[in-house]
Structures are given as structure tokens and as C-alpha cells.
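What follows is one structure encoded as C-alpha cells, with my remarks underneath.
Bear in mind the structure is a predicted one, so any value in this text is a computation, not a measurement. The figures here come from the full heavy-atom set of this structure, side chains too, leaving out hydrogens, waters and symmetry mates. Below, chain A is the first sequence line, B the second, and so on; all start at residue 1.
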Protein chains: 4
Amino acid sequence: MDERQEKQTGAGRPRSRKALEAVMTATLNLLKTTSYNQLTMERIAKEAGVGKPTLYRWWSGVPFIVMEALMLQAESEIGSPDTGQLISDVHQYLKQTFRSLTEGTGETVRSLMAEAQLNPDFAGVFRETFISSRRQTLIRILERGVQRGELPQNADLELIADLCYGPMWYRLLNRHAALDETFAASLVSYLFDSDGR
Amino acid sequence: MDERQEKQTGAGRPRSRKALEAVMTATLNLLKTTSYNQLTMERIAKEAGVGKPTLYRWWSGVPFIVMEALMLQAESEIGSPDTGQLISDVHQYLKQTFRSLTEGTGETVRSLMAEAQLNPDFAGVFRETFISSRRQTLIRILERGVQRGELPQNADLELIADLCYGPMWYRLLNRHAALDETFAASLVSYLFDSDGR
Amino acid sequence: MDERQEKQTGAGRPRSRKALEAVMTATLNLLKTTSYNQLTMERIAKEAGVGKPTLYRWWSGVPFIVMEALMLQAESEIGSPDTGQLISDVHQYLKQTFRSLTEGTGETVRSLMAEAQLNPDFAGVFRETFISSRRQTLIRILERGVQRGELPQNADLELIADLCYGPMWYRLLNRHAALDETFAASLVSYLFDSDGR
Amino acid sequence: MDERQEKQTGAGRPRSRKALEAVMTATLNLLKTTSYNQLTMERIAKEAGVGKPTLYRWWSGVPFIVMEALMLQAESEIGSPDTGQLISDVHQYLKQTFRSLTEGTGETVRSLMAEAQLNPDFAGVFRETFISSRRQTLIRILERGVQRGELPQNADLELIADLCYGPMWYRLLNRHAALDETFAASLVSYLFDSDGR
DNA sequence: TATTAAGCGAGACGGTACGTCTTGTCTTGGA
DNA sequence: TCCAAGACAAGACGTACCGTCTCGCTTAATA
């Protein structure tokens, strides 16, 4: 994922791990006190005590830095539950995800999704790095459901994934209702429990 | 929708209809050839042959202009189908909406949603003016379904609306799959047809 | 000097004397609280409760209004002394002029002179209307001195006028020293009193 | 005269000599074809091929740039004559000064003096940098006259300086008569030659 | 151990867009 | 018929960031 610290062919000073860490820390600090759209390369550089060229050497813009900082922070915060039952796996997973968004990173995640719409260079990276991995986790949970016979062999897992993630993103972005446990329960119930209708 | 030209309390030159129209036209023209995030107040002013202060007198920024232009263009493009049957009403409505997004305004709508994430001043206006009206249309369709007995009296219409709009926005923003007729059909089938699973 | 309030030939609403007076009053009021270069046509119009086009109908810019207001205010504030003696006439006249500048209009007069440098349209009017009349007053005092034999028949009165007014303007504009009575006395003494050297 | 390029405390890209020179050249060029009050920061930036922030980094406005350009151009154009005689020294000095103003920089100098009246930030700098140095030159000439006994020990040199510079500025600003050699001669004669009256 | 070249901070650079201000003209409706 | 109110096109203002560049200092692997 990161070919940056290798090479080191001949002489010369190696790249400073310290600078990278300072940037990540500074970014997370700034996100605590200011909103995403107030972040600029200049501010991050100043806060991290790092030169702008250093920033540009390793990242091509603010959203790339923020995404990396976010993934570094949230690393393995959300696991993949395996209770042996589809409904409770999905329920668990959604609850975890909602909580993570509500309590912490929601604002920033919203901003990154927004950035991905406006910045084509970032869009691809964001989807393949950030979104895709989480979607895969859900798809794997669903696949286990198919194996167990809880879903039909020909179930459209992509559609079901959209039906789980779609409403989540919709509420996250549109803010017309909370991403709380009630919502997770209703969602799971409506989607998987025939009696829930 | 626009109470501005009514103010006209006493004296004073009234708002120039010509300038307003020039701005709307220029904005739509620019959107045809450039992407949303290349739009600037200055470019719009120049294209419309209008002074910047005139722009700022009536709109507080690019997204507000774009939203108004979009609503003016799409006025009544999407109707509210009434076939007498819930499933086909929803199907019809989603198909219409998807087509409108796919063929024309999708790019710009995505950008406005993104803007709403990054620009708090715009967020409220966007949701209350743009999103809300369309959501109401769907809710009304669902209510008719309840009246006809196609949905139970206590059905959670807000949840169902989220399950319709959520996946749409998710695909629009995340671009991992098309907003085509197949998707509309699958969605409706999964949500309302017990045999569709 | 002012052919504006006459005519009133046929029908129609007569021109408002009230508006003119309001402009003059408003201008003088504004000059009490703000500096000349903060004056704008718009601010004067607002303060006077007058439309901008009305302002432009009668004056072509801020300095023209200010000059008229100033002359209206200072009308006959400075007389032409006639003590029967050249030296005391000039001394008297300079003292009067210095006092008027120091106590009141100095700031504004400085600004008008500055404006005349930057604004060719104003330059001519300013010199012919404002400066010239005062210069003539001094020249007349000097001529009386020639008639009385206090100055030689071939005295260069223009040069002497420059020697009186020049230092005054120089100190007014350059502010390196005060325009006080001592200065008036020294000036007269150096210029007219052979023993004063 | 310019302690800016010496700062260079530690790191950082040093001030670009090229940019500085381009600005000076562009300013002098523009002054040849347009009048001072048509000069704007934007035009200078464009003509010099320099960004506006670079201009504002080093100068706080148009008059500051113009003054620097003028001083750079006129550097040591006017010397301090020393003929051994007061009258001819002053005469020489005034002739030089008049010629410089008449042939070249007069227009711009007038404008700067005007600017100093309207712009308090500029006023101080202008007087201390531009005016003061020239006044000192004249005062030194007069002091030599005192040492030689051509002027009394207690002569008021400041007054005499005002009597030389005052009429010059008066004619420069008021334009009622030329700044020619005749004027220089009359002035010197009236001020220093008892028989000249 | 000394050399040496890359990485580093700082920050100036040419640009672009911002949102505000003022100018002088115009267009209404009310008096 | 004249006016106040104020909208209009134009364009300069001074600021904030952008992404690139040029410095001189620091630092660690190579020789």
C-alpha cells in the first residue's frame, strides 16, 4: 500500500518517519477543533511544523491526508462479528458502524464523501481504499448467511448491501434522522425478517 | 419559491428580470461545458454579463445559484405517478427519478449534495428546498398505499422512504453501480414483494 | 454664480431648494466626523436623504460638493484688511488666513488641493474659484502698497504673492511646522522689513 | 534605504531581485503612458508579471511603490552645489530642482504630495523619506552661508527654507506660473539680495 | 571518521477567486 | 414632472490558498 519508505538506493538522508507522524497527529488535532473545510495544506504544514513541499511530496491534497489519518486512527475499530446468525451479524455490524460514525468520525467521513464528489482524483482512491473495504466486510457476512441457508443461493448480495449502506449514507449525509440503534434494528428487521413488515 | 421580487416595498428600481434570467442561463450553459467545481462567482458574472455585486445581492454563493438554476430547469420534470397500485407507483417514480439523474442533472445534484456537506449555510437550504420536496412526493405515494391497504396502518413510511432514497443516493455518490431500470425493479421487488426475495 | 434655482418656466414640480441645502448641510456634518477621503457620493446622498442621480445632476463629484459647501460656510469669513499700511495689512491678512485654516477648514482645504492634483476636471475649477479669489485679495493689498509708495512701482507682485502663499501652502501640506502667528510675523518681517533679516 | 533584503534571518526563499526590479520597471513604464491616478495594484502586478500578494508583501499600496521607483530613478540626480557663495549655491540648487521637476518627475511628485494629504499612512513615510532629505540638502547650503558670514548667525534657516520650497511647491501644485530659470533667479534675488527689491 | 547528497523547515513566488466597495447610469413608483 | 430609492455593469480593493520554487541546515548511509 505504501512504497514510500523503501528504495533508499544510494546515499542521502532517509525520509523522516517523524515528519509523517507529525502530519497525522496534527491533522487529527486540527479536526478536533476545526471543521474539515477549514483544513488547508498550509494550516496542516504549520500545525505539524513541516514544510509544504514535504506535504506535497507524499500526499496530493488535503483529503488524502485526512483519509490516511482517519484510517490510521480507526484501524480495526470495527470488526466483523460472527455470531452464527445472519440477522444478528448484520445488526451487530450496523450498530458498530453507526456508533463509530455518530460518536467520532461521522463529520469527517461525510466531508470525505463530499470531497470525492468534487475532486475526481480523490474519488477513485477514496472508494477503493475507504469504502470498498467496509463493503467487503458486509458482503462476507452476507455470504456466510447464504452458506448457512439463511438467504437463498441466488440472493442479490450487492442489492442487499446497497439496502444496508444506502440508508446509512443517506441519513449521514442528509441528517434528517439519527443513526441510532433503533434505526439499525428497524433496518435489519425490515430487510431480513418477513414478519417485520 | 422566491419571495424576492415581491418585496418591492416602496420606491427603488425593481429587480431586473433580465439579469436574473441571464444568470440562470449562463449557469446552465457553464454546467454543460465545465464541471461544477470549476464554477466561480466571477466566471458566472462574466458569462452572464452581470456585475459581481448583483450576484451577491441575490445569492450568497455558487451553490445557491446552481440549485435555483437546477430547480428552474427541472421544474415539474418529475411528476407524481398515480396508477392505483403502490408497487407500480413507486417503480414508476424511481424509474423517472433515476432517468432524470442519469441523463442530465446527476452530476450537478451530486455536487450540490457534496457542497451541502462542506458548507453549513447551504446545507439547510438544500435539504429544505431541494431534497425535502422530492421526499414528500414519495411519502405521499406511500400514504396512498396505506390507505388502499397495500401497506399496514403502522408501516414506518420514513424508514421505507430511506430504503428507497438511500440506495439511490448511495449509488449516485459512490458510483459502484448504475442507476438503471433493473435497479429500480430490484429495489421495488425486494422492498414490497415478499416473493421477490 | 449659481443659475440653478431660477428658471421655473412652465409646469411640473419645481426643483427642490431643500435638497440642495440638505446636501450642503450633510456634507459639512460628515466632514466634522469623518475625513475627506471617506466621503463618497453614496454616503453624502444617504446622509442628505437625497438620491444619487440628484447629486450627479448638480455636481460631478465629491470635491465639487465639498468645495461649494466650504465656500458657503466660509463666505466672507476672511475680509480684506485696510489699515493704511502695507506691512500691517499683509500681516493682518495672513494671520486671519492662518487662523481660519488652523482652527477649521485646514484639513478639508488640504484635501481639496490634493484632489486637484489627482483630478484634472476639478483642478481648473478649484483654482479659478477657490484659490484665485483669495490670491486676488492679497494682490489688491499689495497694489495699495505700491500706490502708497511702500513698494516700488515695478515690484513683482506675483512673486511676492508666491512668497506669501507658497510657505503657507508648504506648511499646510507638509506639516513640518505650525501656521501660527509667529510664522505670520516672521514672514512679513522677512519679506517687507529690510531690518528683519 | 532598504533594509528588506537583509532580513534573511535563517531559512526561507530569499526575496526575488527579479520581481522587485520588474515592479520598479513596470511602474516607471506605466507612469510614462498613464497618469498616476490610473495606477492600480492590479495593473502594476499585471504589467510586471507579478502576483498581487507579492506586491502587498513588500509595499502597502500604490504610492509606496511609486515613491520607491521615483527615488530609484532619481537617485543622486540632484546634487548639492558648492560654489563658495550662498546666492549662487541656492540659485544652482533651485535651478536643478526646477529642471528635474519640469522635465520629468513633476507630475508624479505632485501626485505623491496629493496622496500624502489623503492617505495618512503614506504621509509620514513620504515626508520623512522623500521631502526631508531634499530639505536637508538646502539647509546645509544655508548653514555654509552662515559659516561664511553671508547670513547672520541667528538667521532663521527654517524660515528661509520655507521661503525657497514654499513658492516652488505652490507653483508646482497650483500651476499658475512656470518653474523656470527666471523664477529661480527672481526668488534668490528677492530673498538674498537687498538690492533686488 | 569524513563525505555527500537527499530530505528537511521556511517561506517567497505567480496565480486565481474571494467577498466588498464605489462609481456613474438606469429605471421604477410615489409625491 | 421631479424626485428617493436603489438596482445595475464595471472593476479595484486587500486577503487566503494553491502548488511550485529556492534557499541553507540537518542527517545518516557510504566510502
Any heavy-atom pair between the side chains of [Y] and [X] that's under 4.5 Å?
{"X": "C:Glu68", "Y": "C:Met24", "answer": "yes"}
{"X": "D:Glu115", "Y": "D:Tyr36", "answer": "yes"}
{"X": "B:Leu173", "Y": "A:Leu173", "answer": "yes"}
{"X": "D:Leu112", "Y": "D:Val66", "answer": "yes"}

Touch class at under 4.0 angstrom, heavy-atom based, for A:Gly49 against every strand present: sugar-phosphate
Touch class at under 4.0 angstrom, heavy-atom based, for D:Arg43 against every strand present: nothing
Provide, to the nearest angstrom, the distance between the [atom1] atom belonging to [X] and the [atom2] atom belonging to [N].
{"X": "A:Leu118", "N": "F:dC18", "atom1": "CG", "atom2": "P", "answer": "15 Å"}
{"X": "D:Asp121", "N": "F:dC13", "atom1": "CG", "atom2": "P", "answer": "15 Å"}
{"X": "A:Leu55", "N": "F:dC17", "atom1": "CG", "atom2": "P", "answer": "15 Å"}
{"X": "B:Met41", "N": "E:dT20", "atom1": "CE", "atom2": "C1'", "answer": "12 Å"}
{"X": "D:Lys46", "N": "F:dA12", "atom1": "NZ", "atom2": "C1'", "answer": "12 Å"}
{"X": "D:Asn37", "N": "E:dT22", "atom1": "CG", "atom2": "P", "answer": "18 Å"}
{"X": "C:Glu47", "N": "F:dA5", "atom1": "CD", "atom2": "C1'", "answer": "17 Å"}
{"X": "D:Ile44", "N": "E:dG15", "atom1": "CD1", "atom2": "C1'", "answer": "18 Å"}

Five-pair end axes of the helix from E:dT1-F:dA31 to E:dA31-F:dT1 and the angle they enclose, rounded to 10°: 10°
Side-chain donor or acceptor of A:Thr27 paired with backbone N/O of A:Val23 under 3.5 Å: yes
Main-chain N/O of D:Thr108 paired with D:Thr105 side-chain donor or acceptor, under 3.5 Å: no
5' precedence on DNA chain E between B:Glu42 and C:Leu39 (nearest-nucleotide basis): B:Glu42
Check every atom of [options] against the side chain of [X] and return the nucleotide holding the closest atom.
{"X": "A:Tyr56", "options": "F:dC8, F:dG19, E:dA17", "answer": "F:dG19"}
{"X": "A:Pro53", "options": "F:dC21, E:dC18, E:dT23", "answer": "F:dC21"}
{"X": "A:Val62", "options": "F:dC8, F:dC18, E:dT23", "answer": "F:dC18"}

First encountered from the 5' end of DNA chain F, between B:Ala48 and D:Gly61: B:Ala48
Is the shortest side-chain N/O distance from [X] to OP1 or OP2 of [N] below 4.0 Å?
{"X": "A:Arg57", "N": "F:dT20", "value": "no"}
{"X": "C:Thr54", "N": "F:dA4", "value": "yes"}
{"X": "D:Trp58", "N": "E:dC13", "value": "yes"}

For D:Arg110, all residues meeting salt bridge (Lys or Arg N to Asp or Glu O under 4.0 Å), sequence neighbours excluded: D:Glu107
C:Leu39 and C:Thr34: CA distance, side-chain angles, deciding distance, side-chain contact (heavy atoms from CB on, under 4.5 Å) verdict: CA-CA 8 Å; C:Leu39 253 60; C:Thr34 66; 3.6 Å; yes
Under 3.5 Å donor-acceptor pair, D:Lys52 side-chain atoms to F:dG14 base atoms: yes
